[in-house]
Every structure is written in C-alpha cells, then in structure tokens.
Amino acid sequence: MKHLSVILLLISLTAKSSNLSAPQDAVEKYFQYFNTKDMESLNNLSGQPFTIINGGKISKWNKYGDAVDFEGLEKSGWAYSHIHQNELVYEDDLTAMVNINFSRYDSTDAVISTSDIIYLLVNRDGSWKLKSGFINGN
C-alpha cells in the first residue's frame, strides 16, 4: 500500500507539472531556487537588469542576486515560500506574463504574508527568464 501511495503522489506531481506552460514552469523553478537560497540558479533564471515595480515605485538591479536579502527575510521569520496560484496571463514567442499568488511561511508553517505578483518573462535562446515583477501594494 505504501508503494501505491508513492506512485500516486508521483503521478499527481507529474500531472500538475505537465499542465503548466513553460513560463509557469520557470516561475515554479524560481520559487524552488528561492527556497533553497540558490543564488547562482536564481541569477541564471532571471534577466538582466531585473526590475520590481511595487505600488508604482520602480527598483532596478543589475542582477537578481543584488535584489534579494535572505538574511533580512530570515530575520523576519521566513523559512520558505509556497505558490497557491500560478496562472498564465499572456504568452507569445518572446514574452509571457504569469500571475502568482503565494505565501511566505515561518518554520512552524504559519503564514507570515500572502502576496500577488505578476512576473514578466522573456524568452532568451529557448529559456524563459524572469525580467520584472509587478506588485500592487507592498
């Protein structure tokens, strides 16, 4: 019975990932890299420069790694982030927009915050790169 449960779990994970577009999959990978604090992979998955537009305020960094502050996040209690909604808004050959609803959690799995962000991705040599994030609020 234990093996059947593992097989069903793997099938459900495969089914979920197969329903995602390539840009949505790139955002899922981004969150995986973020949760493991894999700065090199985060930088490779993002375009340069990387911008965030938060409540109308524009911030720009040469690379994603210049924007993230894992130490500050951990001081706030952050342990990991989880995507609740991953919706493809638009996609053509060169650009895509993905609407994400996610929460940040602490080490006891309590929600610290929940946010909505729309990511703009660009297709560079067959790879989707996160280029900008648009947040309405903070």
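- One finds the CG atom of Asp25 at 6.0 Å from the CG atom of Leu20 (value rounded to the nearest 0.5 Å).
- With hydrogens and angles ignored, the 3.5 Å screen pairs a side-chain donor or acceptor of Lys129 with a backbone N or O of Asn44.
- Between atom CE of residue Met97 and atom CG of residue Leu120 there is a gap of 5.5 Å, rounded to the nearest 0.5 Å.
- For the ring-ring contact (aromatic ring centres under 6.0 Å, His included) test with Trp78, the passing option among Tyr105, Phe34, Phe102 is Phe34; the others fail.
- Look at Lys37 and Glu71 and you find no salt bridge, because none of the NZ, NE, NH1 or NH2 atoms lies under 4.0 Å from a carboxylate O.
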request  = Before giving the answer on side-chain contact (heavy atoms from CB on, under 4.5 Å), spell out for Val98 and Glu87 the whole-Å C-alpha distance, their side-chain angles and the decisive distance to 0.1 Å.
outcome  = CA-CA 6 Å; Val98 177; Glu87 175 188 8; over 6 Å; no
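- Rounding to the nearest 0.5 Å gives a distance of 10.0 Å between CG of Leu45 and CG of Asp38.
- Tyr119 pairs in a ring-ring contact (aromatic ring centres under 6.0 Å, His included) with only one of the listed residues (Tyr90, Tyr30, Trp128), which is Tyr30.
- Note that the NZ atom of Lys60 and the CG atom of Asp66 stand 12.0 Å from one another [nearest 0.5 Å].
- For the residue pair Asn86 and Glu28, a side-chain donor N or O sits within less than 3.5 Å of a side-chain acceptor on the partner.
- With hydrogens and angles left out, the side-chain atoms of Ser127 and Asp125 include no donor and acceptor closer than 3.5 Å.
- Side-chain atoms of Met39 and Phe70, non-hydrogen and from C-beta on, do get closer than 4.5 Å to each other.
- Interatomic distance, CD1 of Ile52 versus CD1 of Ile135, reported as 5.0 Å (0.5 Å rounding).
- Under a cut-off of 6.0 angstrom, the local environment of CD in Gln85 is crowded, with over 12 non-hydrogen atoms contributed by other residues, nucleotides or ligands.
- Separating the CG atom in Leu130 from the CZ atom in Phe50 is a distance of 6.0 Å, to the nearest 0.5 Å.
- Ring pair Phe31/Tyr80: centre-to-centre distance not below 6.0 Å.
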